[in-house]
Structures are given as structure tokens and as C-alpha cells.
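Proteins get letters first, then strands, A, B, ... in listed order; numbering begins at 1 in each.
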2 protein chains.
Amino acid sequence: MARAGLTTERVTIAGADLADEVGLEQVTMSQVARRLGVKDASLYTHVRGLEDLRGRIALLAAGEKTLRIAEATVGLAGKDALVAFATAWREYAHQHPGRYTATQTPIDIDPELAAHAPGPRRAVELTYGMLRGYGLAEPDLTDAVRLLRSTFHGFVALEAAGGFAHARTPQRSWTRALDALHTLLEHWPPLDEGEPS
Amino acid sequence: MARAGLTTERVTIAGADLADEVGLEQVTMSQVARRLGVKDASLYTHVRGLEDLRGRIALLAAGEKTLRIAEATVGLAGKDALVAFATAWREYAHQHPGRYTATQTPIDIDPELAAHAPGPRRAVELTYGMLRGYGLAEPDLTDAVRLLRSTFHGFVALEAAGGFAHARTPQRSWTRALDALHTLLEHWPPLDEGEPS
DNA sequence: CCGCCTGCCTAGGGGCCCTAGGTTTTTCCT
DNA sequence: AGGAAAAACCTAGGGCCCCTAGGCAGGCGG
């Protein structure tokens, strides 16, 4: 019997593709094996198990998403950067729903594996870089980053869950949300007196 | 053998409790049955299957969350209402992680079942009511509602996924995010010329 | 050329979802 | 109150899934 030539990476990609096509929930050892023309037991040479595979898909997706954002925002600043950043984020979620979902699962990733991934640090740098033009200083910078990430993620998550039912298209609301966030970043409120920093 | 006295509601609650304790993924027919002291096949009298159960948990949770928010915001307006609304939302997510997760799963709920639920309409009313004081008109109102929901949901989702790693506590960022959103609602940007409404 | 690591295999146990059909308990009608 | 009908719970079993154990063969290093 000829060998299938599997590697950890090929198994991960097969799982990620499957996730995009049929949903992350349906990504199963058996299905991935079937797609690769192999018996399910054979995957355990390359991947520790289903949890491990899911973690690897999440890391793969996070890296891809960060790369897309980096490409989209290079050379931009201010509102242009904000819009490019957010749009690249949303489009990645649309184009790769299964992969995107994988990135949002509670952290069960092998710490050692995660440590090898360059994605997270790069993502943080990108986000802070995008905000450079707004003149925020810590701790406002961190708070602004968290607010933006929350909004971007929340929007695409609600969109995917069918949360924006009728009438007005999500696209219009998205555009206006970015207008609003840009305005907000330009008028970031000072701390109320008495409020802890 | 004495009867266990199951009902659809009791099964749903058992599932919801289990979800909060061990995670929605672990909510399984067998586990729910075990918790109720019953064989798994017995549940099918009360619930159509796992999908159906998940949908019912989602509806239960959505109703509970809406109720909490309603109680928290009654009689309040302006920033007080915003903070109470958002905090009730976040606290529900903290106290009932499994239930909350159920509300965010892509829509696979039996439409007939969903139609009977009073939750969604009530939730919409609450949100629009909270914004009344800010003097927004459609379509800005809808866009603002969507932005707020996105941010609230995104924040708790990232928090749950371990997205706010170190250093600054999520609580501080949360407080500041609400400050920022309040400011934003008071200075909602007008449409750029040429931008479609 | 040959041993040997390693990729892929078969075999099998245990868990889960769900259906079919039986039995016992409760309800309700007369 | 008695009995039929309905409903609640059961056992049995098929199919899919995760994962482990152990075997065989293909392609590399000596």
C-alpha cells in the first residue's frame, strides 16, 4: 500500500478546510481521515487527538487572519487603517467561518504548541500600531484595543449567529459602526474623577 | 419502578445546569439522563433530540438574561441605564457560562418553538428603550443597538476565551469601555456626505 | 544489500445518539 | 370503582465516533 504522505500540517489543513465547509462541530477524526483517504487511526501519528487538532486549526486560523490584516493595513494610518483592519477581520470570518470559529473557542491549546506560534504577538503589534495615530497613552491604549477587538469579534459572531435579523443590512451597520469607532477614538473620554485608573 | 416526573422544562433545566458546570459541549443526552436518574432513551419523550435540547437551553438562557437586564435597568436612563444593562449582560455570562454560550450558537432552533418565546421581542424593546435618552433616530438607532450588542457580546466572549491575558484587569477595561460607549452615543457621528444611509 | 524506523493498517473497547417495541404507571371516562 | 387508553420509562440494538494496541510493509542509513 502506497503511503499517503501525511504530515501534521496536512492533517491540520484538511481539518480546517472541513471546518469551513461543514462547521467546526462536524470536524471529526473520522471525517478528516476520510477526506485524506486514510483510516482514522492513522491520524494519531500526526496529531494527538481531536482536541489537539482543534487547537492546531485555531492556531493556523489565527495566523492566517493576522497575516490578512497585516497585508490590508500596511502603509495606512488613522481611519483608513481602522477600516482596513476591521474589514480584513470581518472578511476572514466570512470566508473561513469554521477556521474563525476555531479561534474563538476557550483556550485548551497545548501551551507548548502555542508558544511556538508567532501569531499572537504579531496581532497585538498590529492592533497597537493601528491606534498609533490616535494619540492614546496607556492604559487607555489597552482599553481601546480591547474595545475594538470586542466589537469586531462581537459583530461577526452575532452576524454568524443570525443576530441581525432583518431590514437593515449588516454591511450598512458595519460601516456606521466603524464611523462611530473612529469618532470615539478621536474623542476618547478622560477618566472621571474618583474613578480608578 | 417509580416515575421520575420528568417534563420538557425539567430536562431543559438539567441540561442548562450541566452546561454551566461542565460546558455546553459536554451536554450530552447520556449525561443529562444520568443527572436525572434516568436512561438516555427516556429523554426522547420530552425532547426531540440533542439539537432540540440545545435550542431549548438557548431559549431558556435568552429569556433569563433578558429578565435580568429588565430588572437591572428598570427606572434608569442615560448612562445609568447603559451601565446597568451592560453589567447585567456581562454578569449573566459570568454566572451562567454554559447557558450564555448556548445563546450564541448559530440558529438551529425550531422556528415554531422560537416563535412561542417572548424573549427576543422583549430584548429588542429593552435595548431601544435604553437608548431613548440619547436622542438617536433611525437608522442610527438600529446601528447603535447593533454596535452595543456586538461590543457587549464580544467582550464577554473574548473574556471567556482568555483573550484578555494579563496585566490590566478586564473589569477596568470594561468600565472604561462603557465610559467610551456613553461618550460615543452622545456624539454619534453624522453620515459622511456621499455615504449611503 | 539489509536492518529498522516509521507510516499506515486491522482489531477492538467504550461512549454517544437515536429508534423500536415492551411494560408499568397514571389518568380519565363511564 | 373498574377498566381502557395514554403516557412515562424501560431494554435492546444499530451506527458513528474517539482512541489504544499491536502488526506489516516501504523507504531510508549503514
Side-chain angles (χ1 to χ4, degrees), chain A residues 1-59 98 101-102 105-106 108-110 112-113, chain B residues 1-60 98 101-102 105-110 112-113:
Chain A
M1 166 85 67
R3 302 226 174 159
L6 298 186
T7 64
T8 300
E9 192 189 359
R10 284 199 47 192
V11 172
T12 305
I13 291 175
D17 290 346
L18 193 59
D20 285 338
E21 290 167 23
V22 301
L24 186 63
E25 301 268 303
Q26 313 301 325
V27 173
T28 174
M29 287 291 140
S30 318
Q31 290 294 337
V32 173
R34 212 157 312 173
R35 157 175 296 243
L36 291 167
V38 138
K39 298 296 176 184
D40 59 342
S42 306
L43 299 180
Y44 289 82
T45 307
H46 306 283
V47 149
R48 232 189 275 284
L50 185 60
E51 283 297 286
D52 182 46
L53 175 58
R54 295 250 248 253
R56 288 174 189 277
I57 293 173
L59 251 38
T101 303
T105 66
D108 47 10
I109 297 176
D110 181 351
E112 184 210 344
L113 181 62
Chain B
M1 167 83 72
R3 300 226 175 155
L6 299 187
T7 63
T8 300
E9 191 189 0
R10 284 199 46 194
V11 172
T12 304
I13 291 175
D17 291 346
L18 193 60
D20 285 338
E21 289 167 23
V22 302
L24 187 63
E25 302 269 304
Q26 313 301 324
V27 174
T28 174
M29 286 291 138
S30 319
Q31 290 294 337
V32 173
R34 215 159 336 216
R35 157 175 296 241
L36 291 167
V38 137
K39 298 295 176 184
D40 59 344
S42 305
L43 299 179
Y44 289 82
T45 306
H46 306 283
V47 149
R48 232 190 275 283
L50 184 61
E51 283 296 285
D52 182 46
L53 175 59
R54 295 250 249 253
R56 288 174 189 278
I57 293 172
L59 251 36
L60 170 69
T101 303
T105 67
I107 281 209
D108 47 8
I109 297 176
D110 180 352
E112 184 209 346
L113 181 63

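- Contact check of residues 13-29 of chain B against DNA chain D (heavy atom, cut-off under 4.0 Å) returns no residues at all.
- In this structure, R34(B) reaches the dC16(C) phosphate: one of its side-chain N or O atoms is under 4.0 Å from OP1 or OP2.
- Straight-line distance from the NZ atom of K39(B) to the C1' atom of dA20(C): 18 Å, rounded to whole Å.
- The shortest side-chain heavy-atom distance between R54(A) and T105(A) does not fall under the 4.5 Å cut-off.
- Within 4.0 Å (heavy atoms only), S30(B) reaches sugar-phosphate atoms of the nucleic acid but no base atom.
- Nearest heavy-atom pair, L53(B) versus T12(B), reported as atom, atom and distance to 0.1 Å: CD1-CA, 3.9 Å.
- Proximity of S42(A) to the phosphate of dC9(C): a side-chain N or O atom is located under 4.0 Å from OP1 or OP2.
- Across the protein-nucleic acid pair, L50(A) atom CG and dC16(D) atom C1' stand 14 Å apart, rounded to whole Å.
- Taking atom CD on Q31(B) and atom C1' on dC17(C), their separation rounds to 13 Å, with Å as the unit.
- The minimum heavy-atom distance linking L50(B) with V27(B) is given by the pair CD1-O, 3.6 Å.
- Side-chain contact between M29(B) and V47(B) is present, with at least one heavy-atom pair separated by less than 4.5 Å.
- Atom CG in L43(B) sits roughly 13 Å away from atom P in dA8(D) (whole-Å rounding).
- Enclosure of atom CD in E21(A) by more than 12 non-hydrogen atoms of other residues, nucleotides or ligands within 6.0 angstrom is indicated.
- Among the nucleotides dC16(C), dG7(C), dC10(D), the one closest to the side chain of H46(A) is dG7(C).
- Side-chain proximity of V38(A) to the nucleotides dT19(C), dA21(D), dC8(C) is greatest for dC8(C).
- Under the side-chain contact (heavy atoms from CB on, under 4.5 Å) test applied with V11(A), the options L43(A), T45(A), I57(A) reduce to a single match, L43(A).
- Rounded to whole Å, atom C1' of dT10(C) lies 15 Å from atom OH of Y44(A).
- Remark: P of dA20(C) and CG of D40(B) are 15 Å apart, rounded to the nearest angstrom.
- E25(A) and E25(B) get closest at one heavy-atom pair: OE2-OE2, 3.2 Å.
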